[in-house]
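Atoms considered below: every heavy atom in the structure, side chains included; atoms not considered: hydrogens, waters and symmetry mates. What you are looking at is a predicted structure, and each value in this text was computed from that prediction instead of being measured. So you know, we letter chains A, B, ... as the sequences are listed, proteins then strands, and number each from 1.
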Amino acid sequence: MTAIPVPAERHRQEVSTLSDAELVPLARMGDEPAIRAIIQRHNRRLFRTARAIIRNDAEAEDVVQAAYIKAFSNLAAFRGDAQFSTWLTRIALNEALARVRRQKNTTGLEEIDMQTRWGGDVLQFPSSLSATDPETELARSQARHLLENAVDELPDDFRAIFVLRDVEGMGTDEAASYLGIRPETAKTRLHRARKLMRQSIENQLSGAFSALFPFDGARCAFMADRVIAALRHKTP
DNA sequence: ACTTCATCGTGATTGCAGCC
DNA sequence: GGCTGCAATCACGATGAAGT
């Protein structure tokens, strides 16, 4: 049995189906469901973008929040020349870069690095596949940590382009314009970022390769027993 | 309707020059 | 010497026209 939507609820549902171009005028008039719809739609991209620059979850959340506040307070400034998402992401990016500059002035880089490395779990990679069993979930979680560590180890410039292109799936030109660099530079940085990612992951896994397909201990001894038994049986 | 081929656009790779 | 950006080139997939 489906409940009949009350007007406010119906408005919320209708609003969630609108395009950004349709939502913006509503948001300008202070329409709360429209503002919520915009936030829900762009949260992930903004967080990832901010997280790529900041390397700290809590800080990235702050940045995204500040970016939304700034954007909704200055919606009149959005002329509609570019996509709304582009405008929004650019604000978050500027906010994140400004915060990094402030941090560099007030905090040692090493300290920021420690916060990042030991600050816990993070950069939300998409988990489109549903969990199946605990082992699979554990393996997926380990793989995510591996990737997140590798991303965190990238130099700032490389990390930004890597996240925008490979995590967010932007095109070269779009990502380059977000970062204010030439597309050629974006390509080179992405290529080198991927190379560094490969090296980093290989380093993290170097011990693991030798442990693949283990065949030792009791299993090995049992095999030896069987071979010897077979040979004894064969020789007269 | 299907297959083949040419064209175009986008991304990947690499070499080289300039800078610190 | 290593890092970075630029430019040239290569590779590949998407798309549309032509032929069967």
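Distance check, rounded to the nearest 0.5 Å: NZ of A:Lys187 to NE2 of A:His191 gives 12.5 Å.
Taking only side-chain atoms of A:Leu190, from C-beta outward, the nucleotide of C:dT4, B:dA12, C:dA7 with the closest atom is B:dA12.
As a whole-Å value, the separation of A:Lys195 NZ from C:dC3 C1' is 12 Å. Rounded to whole angstrom, the span from the CZ atom of A:Phe162 across to the P atom of B:dG11 amounts to 16 Å. In this structure, A:Arg165 places its CZ atom 5 Å from P of B:dA12, rounding to the nearest Å. In this structure, the NZ atom of A:Lys187 is 13 Å from the P atom of B:dG9, given to the nearest Å. Rounded to whole Å, atom P of C:dT4 lies 18 Å from atom CZ of A:Arg182.
A donor-acceptor pair under 3.5 Å links the side-chain atoms of A:Asp31 to the main chain of A:Ala34, judged by distance alone.
Between A:His191 and B:dA12 there is no side-chain polar atom (N or O) within less than 4.0 angstrom of OP1 or OP2. Distances shown here put every side-chain N or O of A:Arg189 at or beyond 4.0 Å from the OP1 or OP2 atom of C:dT4. Contact annotation: A:Arg192 does not reach the phosphate of B:dA12 (side-chain N/O to OP1 or OP2, under 4.0 Å).
Contact between A:Ala96 and A:Val63 at its shortest, heavy atoms only, is N-CG1, 3.8 Å.
Ring-plane geometry between A:Phe84 and A:His42 is classed as perpendicular, the angle between the planes exceeding 60 degrees on a 0 to 90 degree scale with a lower cut at 30.
Among the atoms of the strands shown, only primed sugar atoms or phosphate atoms (P, OP1, OP2) are found under 4.0 Å from some heavy atom of A:Thr172.
A residue-by-residue look at A:Glu184 and A:Phe158 shows that A:Phe158 has its nearest nucleotide of DNA chain C further toward the 5' end.
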